[in-house]
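Note that these values count all heavy atoms, side chains included, but never hydrogens, waters or copies made by symmetry. Each ligand, and each atom within it, is numbered from 1 in the order the structure gives. Predicted model, so just to flag it, every value in this text is computed and none were measured.
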Amino acid sequence: MEPVAYDKHIKQVLIAQEEIAEAIRQAGRQISTWYDGRPILLVSILKGAFVFLADLCRAVTVPCEIGFMCAKSYYQGTESSGMVSITMDLEQDISQYHVVIVEDIIDTGRTLRDVVALLRERNPLSLRVVTLLDKPCRRKVEFEADMALFTISDHFVIGYGLDCAEQYRNLPYIAEYDTAVDAEN
Ligand code: XMP
Ligand code: MG
């Protein structure tokens with residue numbers, strides 16, 4: 001799909017809509033086989049992972065419940081400051097569930113390190129992490145997801161739930177954000 005005209009920050013489309021859809025079909029099948037009918041809670045980290053969760057939960061073919069948490073990483077422009085805070089917590093008692101954290105992207109690894117540590121303290125039946133995107137070249141702390149649908153190099157990306165200053169979450173594909181546009185202005 002071609003970038004739409006208003007998107008002056010789109011440098012290139014990195015992952016097309018159809019590629020995302022196919023990877024999600026496979027991920028949904030994998031999650032469905034992992035738990036064999038046991039109680040699953042898919043936990044979406046807001047806001048970035050809301051689109052991924054919406055598609056992923058419909059690719060899961062066994063009963064599952066969903067929950068939301070809001071974790072904010074503080075950004076200066078497109079650079080993480082390394083501070084993470086939980087601004088909205090889950091409503092479920094996760095000790096009754098096999099928890100799958102559904103994240104949009106792992107960058108430095110700090111957000112998930114903190115979220116996983118917090119959720120482990122609550123004794124879920126088990127805990128796995130599924131991320132749409134992984135940028136391993138940017139890690140500052142050791143962290144590996146149980147499943148990463150796409151590994152990308154060091155681009156700041158937008159679309160499919162991911163934003164820059166709250167814009168572009170509604171793009172149906174993943175695109176590279178063009179930082180040069182801001183530098184020119
Ligand atoms: P950390 O560094 O804690 O970051 O692994 C995870 C969170 O940082 C945001 N992030 C991005 N957001 N495009 C975005 O729109 C990116 O390229 C990007 N890299 C990191 C995101 O909120 C993620 O949950
Ligand atoms: Mg996020």
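- Distances below 4.0 Å separate heavy atoms of Glu103 from the following atoms of ligand 1: 24 (O).
- A donor and an acceptor atom, one from each side chain of Gln92 and Tyr97, are nowhere located under 3.5 Å apart.
- A parallel orientation is assigned to the rings of Tyr177 and His9, their planes being inclined by less than 30° (bins at 30° and 60°).
- Atoms of ligand 1 found under 4.0 Å from any heavy atom of Lys135 (numbered from 1 in listed order, with element): 16 (C), 17 (O), 18 (C), 19 (N).
- Between Ile101 and the options Leu41, Asp146, Thr131, Leu127, a side chain to side chain contact (heavy atoms under 4.5 Å, CB included) holds for only Leu127.
- Cation-pi contact between Arg169 and Phe50: absent, since separation from the ring centre below 6.0 Å together with deviation from the ring axis within 45° is not met.
- Ligand 1 lies out of reach of Ile158, whose nearest heavy atom is not under 4.0 Å from it.
- At a heavy-atom distance under 4.0 Å, only side-chain atoms of Asp104, from C-beta outward, approach ligand 1.
- Interface atoms of ligand 1 facing Gly109, defined by a heavy-atom separation under 4.0 Å, are 1 (P), 2 (O), 5 (O).
- For Arg25 and Glu18, the salt-bridge test passes: some basic side-chain N is under 4.0 Å from an acidic carboxylate O.
- Taking 4.0 Å as the cut-off, His155 counts as a neighbour of ligand 1 on heavy-atom distance.
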